[in-house]
Trainee: 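Next up is a structure, given as C-alpha cells.
Ligands are counted one by one from 1 in listed order, and the atoms in each one are counted from 1 as well. Just so it is clear, the model here is predicted, and its values are computed rather than measured.
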Amino acid sequence: MTIIVTGGAGFIGSNFIFHMLGKYPDYRIVCLDKLTYAGNLSTLEPVMENPNFRFVKMDICDREGVYGLFEEEHPDIVVNFAAESHVDRSIEDPEIFLRTNILGTQVLMDACRKYGITRYHQVSTDEVYGDLPLDRPDLMFTEETPIHTSSPYSAAKASADLMVQAYHRTFGLPATISRCSNNYGPYHFPEKLIPLMIANALNDKPLPVYGEGLNVRDWLYVEDHCKAIDLIIHKGRVGEVYNIGGHNEMRNIDIVKIICKALGKPESLITYVTDRKGHDMRYAIDPTKIHNELGWLPETKFVDGIQKTIDWYLNNRTWWETIISGEYQDYYEKMYGNR
Ligand code: NAD
Ligand code: TYD
C-alpha cells in the first residue's frame, strides 16, 4: 500500500504521517509538500530515515511534477492536506488560497484519474458550513447543512469540496471528504490561536483576543482527527462526506484563560484587539454519521489534550522559537502591530 500525503510537513499532515507509519509498518508513505511558510521539514525529522517514508518537495499545482510522481510511486491512496489554512491570511491576500486550495486539488484529482487510485481523500473543514448563532446551542453542522462560507479561506475549501463531488459524480473518482472542526496539538503553527497564545504567554507578550473573545470553536485533539481519516480511507463509503468533531465547544476567551492558568501567567496579558473581518461566531459539529458508520469517537478530553499540548510546546521550544524568529516577525507586526 502506497499513500501520497500532501501537506505532510504541516500541522495535521505531519501528525497523520506519524500515526500511519506507527500503525502500518508495511505501508509506504510519500509526503508531497511545497514547504511554504507553514511547512517545516524539521517536523518530519523523526521519520526521514524510515525506509518506508519519502519526502518530495513539490507544489500540488505543478501538474508535470505531480504526474511524474504518480508514475514513479503508483499510489493506491492520496490524502490531500495541502492548503493555505489561515483565515487571517486569506483576508489579507486571497489569491494563493484559490490557487492552492482549488486548482491544486484539481491537479491531484486529474492525476488520480489518469493513473488510477483506489481512494482520493480530501481533508476539508467545518468552516464550509459558515457559522451558527451563539443563542442556538441546539444547532450543529450535519453533512446535510448547506455550504455557506464566510472567508476567502472557507470559500476556497468549499470550492474544492464541490470539485471533488463533481469528479466523483462525473468521472467516478473514488473520493471521500472529511470536514473537521478546529484541531490542536503538537506541531501547530504559532499563528493559530492556541499555539500563538502559548508562545506569547511564555514570552510574557500580550495575548491578542479578537473582539470580545466570545466566538466558539469545537476543539479536537489532532490525533483523534488522524484516527478518523485513517478509518475513512480504509472503511468509509466512496462519494460520502464525513463530519469530524470533538463535541467540545469552547469560547476563545476561556481557552486563553486556561492557557494563562496552566503556565502561571497573569490574565492581565490578555489584550482585546480589533475583531477579524467577517468573524464566524460559532462552529459545532454533529459527528453522528462517522460514529454510527465507522465507530469513531473523540478519545482525548480537552483537559488532557491541552495539557499535553502545553507540555509539548514547553519541551520543544526550539521548534517554535525558530519559526517565530524568522519571517513570522514581519507577519506578526503586519497583523497585530496597529490592531
Ligand atoms: P498547515 O498550514 O499547518 O499546513 C499546510 C501544509 O501544506 C504545509 O506543510 C504547507 O507547506 C503545505 N502546502 C501549502 N501549499 C502547498 C502547495 N501548493 N503544494 C504542496 N504543499 C503545500 O495546515 P493544517 O492546519 O495542517 O491543515 C491541513 C488541512 O486540514 C488543510 O487542508 C486545512 O484546510 C484542513 N483543516 C485544518 C483544521 C485545523 O484546525 N488546523 C481543521 C479542519 C481542516
Ligand atoms: P484560528 O486558530 O485562526 O482558527 P479559525 O479561525 O480557523 O477558527 O482562530 C481560532 C479563534 O481564535 C477564532 O475565533 C479567531 C480567534 N483568534 C484570536 O482571538 N486571536 C488570535 O490572535 C488568533 C490567531 C485567533
Side-chain angles (χ1 to χ4, degrees), residues 5-16 31-41 43-44 56-62 65-66 79-91 96-97 99-101 103-105 107-108 122-128 131 150-151 153-154 156-157 160-161 178-185 187-197 200 206-220 222 225-226 229 243-246 250-253 255-256 270-276 278-283 285 332 335-336 339:
V5 177
T6 69
F11 166 43
I12 309 174
S14 60
N15 279 282
F16 182 72
C31 171
L32 182 171
D33 197 297
K34 185 184 175 187
L35 296 181
T36 67
Y37 79 93
N40 196 336
L41 208 46
T43 300
L44 294 171
V56 180
K57 183 175 185 305
M58 191 181 284
D59 186 335
I60 55 168
C61 301
D62 172 4
V66 169
V79 184
N80 181 25
F81 290 94
E84 288 294 333
S85 67
H86 192 34
V87 173
D88 291 329
R89 287 186 191 251
S90 82
I91 295 166
I96 186 71
F97 285 74
R99 187 175 176 277
T100 290
N101 300 4
L103 297 179
T105 297
V107 168
L108 291 173
Q122 177 75 1
V123 180
S124 185
T125 165
D126 60 356
E127 300 191 30
V128 301
D131 65 351
S150 312
S151 68
Y153 163 68
S154 57
K157 291 295 290 185
D161 284 13
S178 54
R179 294 182 179 146
C180 191
S181 59
N182 288 61
N183 285 215
Y184 68 101
Y187 302 107
H188 203 180
F189 194 84
E191 67 185 350
K192 306 283 169 62
L193 178 76
I194 289 183
L196 184 142
M197 296 299 166
N200 280 19
L207 307 177
V209 170
Y210 298 168
E212 295 179 80
L214 302 179
N215 307 64
V216 170
R217 300 289 184 265
D218 177 0
W219 293 95
L220 180 72
V222 64
H225 185 186
C226 296
I229 295 174
N243 282 356
I244 309 171
M250 315 251 323
R251 300 187 312 178
N252 294 341
I253 187 65
I255 300 235
V256 178
I270 294 173
T271 312
Y272 293 93
V273 300
T274 310
D275 209 351
R276 174 186 279 171
H279 198 171
D280 281 339
M281 269 333 283
R282 171 176 167 251
Y283 303 142
I285 282 277
Y332 199 88
M335 300 306 257
Y336 297 94
R339 198 159 181 158

Trainee: When you measure from atom 8 (C) of ligand 1 to every protein heavy atom, which one gives the shortest distance, and what is it?
Mentor: Asp33 OD2, 3.6 Å
Trainee: Relative to the heavy atoms of Leu35, which atoms of ligand 1 are at a distance of less than 4.0 Å?
Mentor: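 This gives 11 (O) as the contact atoms.
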Trainee: Could you pull out, from Asp126, Asn252, Leu207, the option with a heavy atom nearest to atom 12 (O) of ligand 2?
Mentor: Asn252
Trainee: Drop me the distance from Ile244's CD1 to His225's NE2, to the nearest 0.5 angstrom.
Mentor: 4.0 Å
Trainee: Would you name the heavy atoms of Asp33 and Gly39 that are closest together and state the gap between them?
Mentor: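 Asp33 and Gly39 have their closest heavy atoms at OD1-CA, 4.4 Å.
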Trainee: I want to check a possible cation-pi pair here: Arg89 against Tyr37, using under 6.0 Å from ring centre and within 45° of the ring axis as the test.
Mentor: yes
Trainee: List the atom of Thr100, the atom of Ala83, and the distance in Å for their closest heavy-atom pair.
Mentor: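 Shortest heavy-atom separation between Thr100 and Ala83 comes out as CG2-CA, 3.8 Å.
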Trainee: Give the numbers and elements of all ligand 1 atoms closer than 4.0 Å to a heavy atom of Ser181.
Mentor: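 Selected atoms, number and element: 42 (C), 43 (C).
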Trainee: Does any N or O of ligand 1 fall below 3.5 Å from an N or O anywhere on Thr36, backbone included?
Mentor: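 Yes, Thr36 has an N/O under 3.5 Å of an N/O on ligand 1.
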Trainee: Please find the pair of heavy atoms, one from Lys157 and one from Ser124, that lie closest to each other, and give the distance.
Mentor: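 So the minimum-distance heavy-atom pair works out to CE-CA, 4.0 Å.
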Trainee: For ligand 1, which atoms sit closer than 4.0 Å to a heavy atom of Ser85?
Mentor: 1 (P), 2 (O), 23 (O)
Trainee: Below 3.5 angstrom, do we get any N/O pair linking Tyr37 and ligand 1?
Mentor: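 No.
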Trainee: Can you check whether Asn182 has an N/O within less than 3.5 Å of an N/O in ligand 1?
Mentor: no
Trainee: Under a heavy-atom criterion of less than 4.0 Å, does Glu127 contact ligand 2?
Mentor: yes
Trainee: Hey, is Tyr336 one of the residues with a heavy atom under 4.0 angstrom from ligand 2?
Mentor: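 Flag set, Tyr336 near ligand 2.
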Trainee: Does any N or O of ligand 2 fall below 3.5 Å from an N or O anywhere on Pro208, backbone included?
Mentor: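 Looking only at distances, the answer is yes, because the N/O contact criterion of under 3.5 Å is met.
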Trainee: Only heavy atoms of Ala82, strictly under 4.0 Å: list the atoms of ligand 1 that pass.
Mentor: 7 (O), 20 (C), 21 (N), 22 (C)
Trainee: Would you tell me whether Asn80 and Thr6 have side-chain atoms, one donor and one acceptor, within less than 3.5 Å of each other?
Mentor: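 Thr6 and Asn80 do have a side-chain donor-acceptor pair below 3.5 Å.
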Trainee: Hey, are the side chains of Tyr187 and Asn15 touching, using non-hydrogen atoms and a 4.5 Å cut-off?
Mentor: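 Touching, per the 4.5 Å side-chain cut-off.
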Trainee: Evaluate the side-chain proximity of Asp161 to Gln122: yes if any heavy-atom separation is below 4.5 Å, no if none is.
Mentor: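 Sidechains of Asp161 and Gln122: in contact.
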Trainee: Closest non-hydrogen protein atom to atom 30 (O) of ligand 1, residue and atom name please, with distance?
Mentor: Val123 CG1, 3.5 Å
Trainee: Could you list which atoms of ligand 2 come closer than 4.0 Å to a heavy atom of His86?
Mentor: 3 (O)
Trainee: When you compare ligand 1 with Lys157, is there at least one nitrogen or oxygen pair between them that comes in under 3.5 angstrom?
Mentor: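 Yes, at least one N or O pair falls under 3.5 Å.
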Trainee: Is there a polar contact, in the sense of an N or O pair closer than 3.5 Å, between Asn40 and ligand 1?
Mentor: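 No.
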Trainee: Between Asp126 and Arg217, does any NZ, NE, NH1 or NH2 come within less than 4.0 Å of an OD or OE carboxylate oxygen?
Mentor: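 Salt bridge flag = no for Asp126 with Arg217.
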Trainee: Is there side-chain contact between Arg276 and Asn215, with heavy atoms separated by less than 4.5 Å?
Mentor: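 No. Closest side-chain heavy atoms not under 4.5 Å.
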Trainee: Numbering the atoms of ligand 1 from 1, which are under 4.0 Å from a heavy atom of Lys34?
Mentor: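 By the 4.0 Å cutoff, the relevant atoms are 16 (C), 17 (C), 18 (N), 19 (N), 20 (C), 21 (N), 22 (C).
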Trainee: Closer than 4.0 Å to some heavy atom of Asn215 - which atoms of ligand 2 meet that?
Mentor: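 Close to Asn215: 14 (O).
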Trainee: What do we get for Asn182 next to ligand 2 when only non-hydrogen atoms under 4.0 Å count, side chain, backbone, both or neither?
Mentor: side chain
Trainee: Short list, please: which atoms of ligand 1 are under 4.0 Å from a heavy atom of Ser124?
Mentor: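 Matching atoms, with element in brackets: 43 (C), 44 (C).
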Trainee: Any nitrogen or oxygen of Asp59, side chain or backbone, less than 3.5 Å from one on ligand 1?
Mentor: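 Looking only at distances, the answer is yes, because the N/O contact criterion of under 3.5 Å is met.
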Trainee: Tell me: protein heavy atom nearest atom 40 (O) of ligand 1, and distance?
Mentor: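 Going atom by atom, the protein heavy atom closest to atom 40 (O) of ligand 1 ends up being Asn183 N, 2.8 Å.
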Trainee: Could an N or O of ligand 1 be found under 3.5 Å from any N or O of Ile60, whether backbone or side chain?
Mentor: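 Yes, Ile60 has an N/O under 3.5 Å of an N/O on ligand 1.
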Trainee: Under 4.5 Å between any side-chain heavy atoms of Lys192 and Asn182, yes or no?
Mentor: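 Lys192 vs Asn182: side chains apart.
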Trainee: Show which atoms of ligand 1 fall inside a sub-4.0 Å distance from at least one heavy-atom site of Ala9.
Mentor: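 It comes down to these atoms of ligand 1: 9 (O).
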Trainee: What heavy-atom pair brings Gly278 and Ser150 nearest, and what distance separates the two atoms?
Mentor: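 Nearest heavy atoms, Gly278 then Ser150: O-CB, 4.0 Å.
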Trainee: Any idea which protein heavy atom is nearest atom 7 (O) of ligand 1, and the distance to it?
Mentor: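 For this ligand atom, the closest protein heavy atom is Gly7 CA, 3.4 Å.
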Trainee: Quick check for you: to the nearest 0.5 Å, what is the distance between Met281 atom CE and Arg251 atom CZ?
Mentor: 10.0 Å
Trainee: Looking at non-hydrogen atoms alone, which of Phe16, Tyr153, Trp219 comes nearest to atom 33 (C) of ligand 1?
Mentor: Tyr153
Trainee: Rounded at 0.5 Å granularity, tell me how far CG in Leu196 sits from CZ in Phe189.
Mentor: 10.0 Å
Trainee: Have a look at ligand 2 and work out which part of Leu193, if any, has a heavy atom under 4.0 Å from it: side chain, backbone, both or neither.
Mentor: both
Trainee: Considering heavy atoms of the protein only, find what lies nearest to atom 31 (C) of ligand 1 and give residue, atom and distance to 0.1 Å.
Mentor: Phe81 O, 3.2 Å
Trainee: I want to confirm something. Looking only at heavy atoms, which of Arg251, Arg282, Glu191, Arg276 is nearest to atom 3 (O) of ligand 2?
Mentor: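 The option holding the nearest heavy atom is Arg276.
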Trainee: Any N or O of Phe11 that comes nearer than 3.5 Å to an N or O of ligand 1?
Mentor: yes
Trainee: Rounded to the nearest 0.5 Å, what separation is found between the CG atom of Asp280 and the OG atom of Ser151?
Mentor: 6.5 Å
Trainee: Based purely on interatomic distance, does His279 place a nitrogen or oxygen under 3.5 Å from a nitrogen or oxygen of ligand 2?
Mentor: yes
Trainee: Within the 4.5 Å heavy-atom criterion, are Asp62 and Val107 side-chain neighbours or not?
Mentor: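 Not touching, per the 4.5 Å side-chain cut-off.
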Trainee: Asn200 vs Tyr336, test: side chain to side chain donor-acceptor pair (under 3.5 Å). Steps then yes/no.
Mentor: CA-CA 12 Å; Asn200 280 19; Tyr336 297 94; over 6 Å; no
Trainee: Do the side chains of Tyr153 and Asn101 get nearer than 4.5 Å, heavy atoms only?
Mentor: yes
Trainee: In the protein, what heavy atom is nearest to atom 43 (C) of ligand 1, and what distance, to one decimal place, separates them?
Mentor: Cys180 O, 3.3 Å
Trainee: Can you list the atoms of ligand 1 that are under 4.0 Å from a heavy atom of Met58?
Mentor: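 Here the atoms of ligand 1 in question are 19 (N), 20 (C).
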Trainee: Atom CG of Asp275 and atom CZ of Arg339: how far apart are they, to the nearest 0.5 Å?
Mentor: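 Spacing of CG (Asp275) from CZ (Arg339) equals 7.5 Å.
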Trainee: Is there a polar contact, in the sense of an N or O pair closer than 3.5 Å, between Gly10 and ligand 1?
Mentor: yes
Trainee: Quick check: do Trp219 and Leu193 have side-chain heavy atoms less than 4.5 Å from each other?
Mentor: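 Side-chain contact under 4.5 Å: yes.
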Trainee: Write out the residue and atom name of the closest protein heavy atom to atom 8 (O) of ligand 2, then the distance separating them to 0.1 Å.
Mentor: Arg217 NE, 2.7 Å
Trainee: How about Tyr272 and Ile253: do any of their side-chain heavy atoms sit closer than 4.5 Å?
Mentor: yes
Trainee: For the 3.5 Å polar cut-off, considering only N or O atoms, please tell me whether Ile12 and ligand 1 meet it.
Mentor: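 Such a contact does occur with ligand 1.
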Trainee: Does ligand 2 come near enough to Tyr210 that some N or O of the ligand is less than 3.5 Å from an N or O of the residue?
Mentor: yes
Trainee: Tell me: protein heavy atom nearest atom 5 (C) of ligand 1, and distance?
Mentor: Ala83 O, 3.6 Å
Trainee: With atoms numbered from 1 as shown, which atoms in ligand 2 lie under 4.0 angstrom from a non-hydrogen atom of Val209?
Mentor: 19 (O)
